[in-house]
Amino acid sequence: MSNVLVLVDHSAGKVRKTTAELLTIARRLGEPVAVFIGGNDGGSVSDALPALGQYGATKVIALSSPELSQFLVAPKAEALQQVAAKVEPSAILISSNAEGKEIAARLAVKLESGLITDAVDVQEGPVTTQSVFAGNYTVKSKVTHGTPIITVKPNAATPEAAETSPEVEEFEVSISDTAKTARITESKPREATGRPELTEAAIIVSGGRGTGGDFGPVEAFADSLGAAVGASRAAVDSGWYPHAYQVGQTGKTVSPQLYVAAGISGAIQHRAGMQTSKTIVAVNKDPEAPIFELVDFGVVGDLHKVLPTATEEVTKRKA
Ligand SMILES: Cc1cc2nc3c(=O)[nH]c(=O)nc-3n(C[C@H](O)[C@H](O)[C@H](O)COP(=O)(O)OP(=O)(O)OC[C@H]3O[C@@H](n4cnc5c(N)ncnc54)[C@H](O)[C@@H]3O)c2cc1C
């Protein structure tokens, strides 16, 4: 069976859900071989190993070179090129985040291979599915030259466990001077909110322009449900909530079990990031708001009244 390389997406050795999704997809295509690059936030391959084994990695290649964490993405692309030369994989899967896409693009140039980004599904072939033009078109495609390099969006697959005991192979990489032209001078983790990661959360409560800039009721309701907080671009552009929490075409794509949109009109660009949520609930004071075309449940009302009432009720029922 052919090897499929999966670049491990992790934070300080803690494997992200996206990696479990990539490993699940990789098993459809061949034998998943995980590539672990230690970050400048620490974390070693031994921290990641249990999760990689849980989702079926048959082998873990640990790249050791301090240069991989001292510079921006170019050394990582070079390192993957060297791993690919040795492993000769039938495909390479990378998470569709900003860093992953840049690594994938650089790698595609180096390997003279085709690249597909933002896949929402990957099946045998590998044949990928992309959702384009704000979710209005679904495109199926296949790399026709070189090693298929595919970046996969979060929630493209449901992680399925398949216990393995992967061996770890330390792999020495050599990084060229040209890859070392952008050095990291400082790196600080975002302040922990105590809430789940937006792209991984089972429940998300998002606020829009209708919050009027006060995300207090949105956060309180999210906390009562153990949910992540999201925001529309209007809210983010107004400086009411950090950009990292924007949901939509130019923000994060989410697919939780429950998505609550409060004070969000339901513009097509917002929908593009959340319309695959399993259950959608909207709170909007305008009964004609387009978001109501999409929802499973809708509440017509002022979010500053509806959300605190809902928070109180959830808290009471949990007690
Ligand atoms: C290229 C491009 C990319 C874009 N990418 C994104 C993206 O990634 N994500 C995104 O979200 N947008 C994106 N947008 C912007 C998008 O078109 C909309 O402008 C934006 O989503 C609107 O945000 P909103 O729903 O919060 O604001 P509005 O459209 O102004 O809607 C606010 C809603 O709040 C309701 N409301 C007001 N007060 C209350 C209250 N007290 N209680 C309850 N409801 C209330 C109103 O009835 C209204 O429906 C993009 C636009 C472009 C052109």
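Just so you know, these numbers come straight off a predicted model, no measurement behind them. In what follows, every heavy atom counts, from backbone to side chain, and hydrogens, waters and symmetry copies are set aside.
Atom CD of Glu163 is surrounded by more than 12 heavy atoms from other residues, nucleotides or ligands within 6.0 Å. Environment of CD in Glu312: sparse, with no more than 12 heavy atoms of neighbouring residues, nucleotides or ligands closer than 6.0 Å.
Atom CG in Leu258 sits 11.5 Å away from atom NZ in Lys278 (nearest 0.5 Å). Atom OG of Ser187 and atom CD of Gln70 lie 12.5 Å apart (nearest 0.5 Å). From Phe71, atom CZ reaches atom CD of Glu78 across 11.0 Å, with rounding to the nearest 0.5 Å. Here Ile268 contributes atom CD1 and Leu294 contributes atom CG; the two are 10.5 Å apart, rounded to the nearest 0.5 Å. Between atom CD of residue Gln54 and atom CG of residue Leu49 there is a gap of 12.0 Å, rounded to the nearest 0.5 Å. Note that CD of Gln275 and CD1 of Ile291 are 10.0 Å apart. Values are rounded to the nearest 0.5 Å.
Annotation: side chain of His304 is not in contact with side chain of Lys285 (no heavy-atom distance under 4.5 Å). Two residues are said to be in side-chain contact when any heavy atoms from C-beta on lie closer than 4.5 Å; Gln81 and Leu107 meet this criterion. Counting heavy atoms from C-beta outward, Val83 and Phe171 have side chains that approach closer than 4.5 Å. Side-chain contact between Ile204 and Pro256 is present, with at least one heavy-atom pair separated by less than 4.5 Å. A heavy-atom distance below 4.5 Å is not found between the side chains of Thr253 and Thr199. Contact check for Phe221 versus Val260: side-chain heavy atoms found under the 4.5 Å cut-off. Contact annotation: the side chain of Ser206 never approaches that of Val229 to less than 4.5 Å [non-hydrogen atoms, C-beta and beyond]. The shortest distance between side-chain heavy atoms of Ile61 and Phe36 does not fall below 4.5 Å.
At distances below 3.5 Å, at least one donor-acceptor pair connects side-chain atoms of Asp296 with backbone N or O atoms of Ile280. Side chain of Ser277 to main chain of Thr279: no donor-acceptor pair is present (N/O by atom type, distance under 3.5 Å, no hydrogens or angles). Distance alone, capped at 3.5 Å, is enough to place a donor-acceptor pair between the Thr311 side chain and the Leu307 backbone. In this structure, Gln249 contributes its side chain and Gly273 its backbone to no donor-acceptor pair below 3.5 Å. With hydrogens and angles disregarded, a donor-acceptor distance shorter than 3.5 Å links the side chain of Arg271 to the backbone of Gly266. Arg195 places no side-chain N or O within 3.5 Å of a backbone atom of Ala222 that could act as its donor or acceptor partner. A distance-only check finds a donor-acceptor pair linking the side chain of Ser113 to the backbone of Leu111 [under 3.5 Å]. His270 places a side-chain N or O within donor-acceptor distance of the main-chain N or O of Val247, the cut-off being under 3.5 Å. Of the possible donor and acceptor atoms, one in the side chain of Glu21 sits under 3.5 Å from a partner among the backbone N and O of Asn155. A donor-acceptor pair under 3.5 Å is absent between the side-chain atoms of Thr276 and the main chain of Ser255, judged by distance alone.
With hydrophobic clusters built from ILVMFWY side chains whose heavy atoms lie under 4.5 angstrom apart, Ile94 shares a cluster with Leu68. Follow the hydrophobic side-chain contacts under 4.5 Å out from Leu80 and you never reach Val109; the two are in separate clusters. Cluster annotation: Val120 and Leu22 are assigned to distinct hydrophobic clusters (Ile/Leu/Val/Met/Phe/Trp/Tyr, side-chain heavy-atom contacts under 4.5 Å, transitive). Both Leu225 and Phe215 belong to a common hydrophobic cluster when Ile, Leu, Val, Met, Phe, Trp and Tyr are linked at side-chain heavy-atom distances under 4.5 angstrom. Following chains of ILVMFWY side-chain contacts shorter than 4.5 Å, one can reach Val314 starting from Ile203, so the two form part of one hydrophobic cluster.
When all heavy atoms of Thr164 and Leu52 are compared, the pair lying nearest together is OG1-O, 4.3 Å. The heavy-atom pair separating Thr151 from Leu115 by the smallest distance is CG2-CD1, 4.5 Å. Looking at every heavy atom in both residues, Ser232 comes nearest to Arg209 through OG-N, 4.0 Å. A pairwise comparison of heavy atoms in Glu200 and Lys17 identifies OE2-N, 3.4 Å as the closest pair. Between Phe292 and Gly298, the shortest heavy-atom distance links the atoms CE2-CA, 3.7 Å. Of all heavy-atom pairs spanning Val4 and Ser90, the tightest one is CG2-OG, 3.7 Å.
With hydrogens and angles left out, the side-chain atoms of Thr138 and Ser131 include no donor and acceptor closer than 3.5 Å. With no hydrogens or angles considered, no side-chain donor-acceptor pair links Thr117 and Lys101 at under 3.5 Å. In the model, Thr309 has no side-chain atom that pairs as donor or acceptor with a side-chain atom of Glu313 under 3.5 Å. Side-chain N/O atoms of Lys140 and Thr129 include a donor and acceptor closer than 3.5 Å. With hydrogens and angles left out, the side-chain atoms of Ser95 and Arg16 include no donor and acceptor closer than 3.5 Å. Thr19 and Asp9 are not linked by any side-chain donor-acceptor pair at a separation below 3.5 angstrom, with hydrogens and angles left out of the test.
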(request) For the pair Gln269 and Arg233, evaluate side-chain contact (heavy atoms from CB on, under 4.5 Å) and give the outcome as yes or no after the intermediate values. (result) CA-CA 9 Å; Gln269 296 88 356; Arg233 179 155 157 184; over 6 Å; no
(request) Go through the steps for Ile116 and Gln130 under the test side-chain contact (heavy atoms from CB on, under 4.5 Å), then give the verdict. (result) CA-CA 9 Å; Ile116 294 173; Gln130 290 160 295; 3.7 Å; yes
(request) Could you give me the CA-CA distance, side-chain angles and deciding distance for Leu5 and Leu93, then say whether side-chain contact (heavy atoms from CB on, under 4.5 Å) is met? (result) CA-CA 6 Å; Leu5 286 186; Leu93 304 180; over 6 Å; no
(message) Apply side-chain contact (heavy atoms from CB on, under 4.5 Å) to residues Leu7 and Ile92 and explain how you reach the verdict.
(response) CA-CA 8 Å; Leu7 179 60; Ile92 302 174; 5.9 Å; no
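For the pair Arg28 and Asp121, the salt-bridge criterion is met [side-chain N within less than 4.0 Å of a carboxylate O].
Under the side chain to side chain contact (heavy atoms under 4.5 Å, CB included) criterion, Arg27 pairs with Thr24, Pro32, Glu160, Ala162, sequence neighbours left out. For the side chain to side chain donor-acceptor pair (under 3.5 Å) test, residues two or more places apart in sequence or in another chain that qualify with Glu99 are Lys76.
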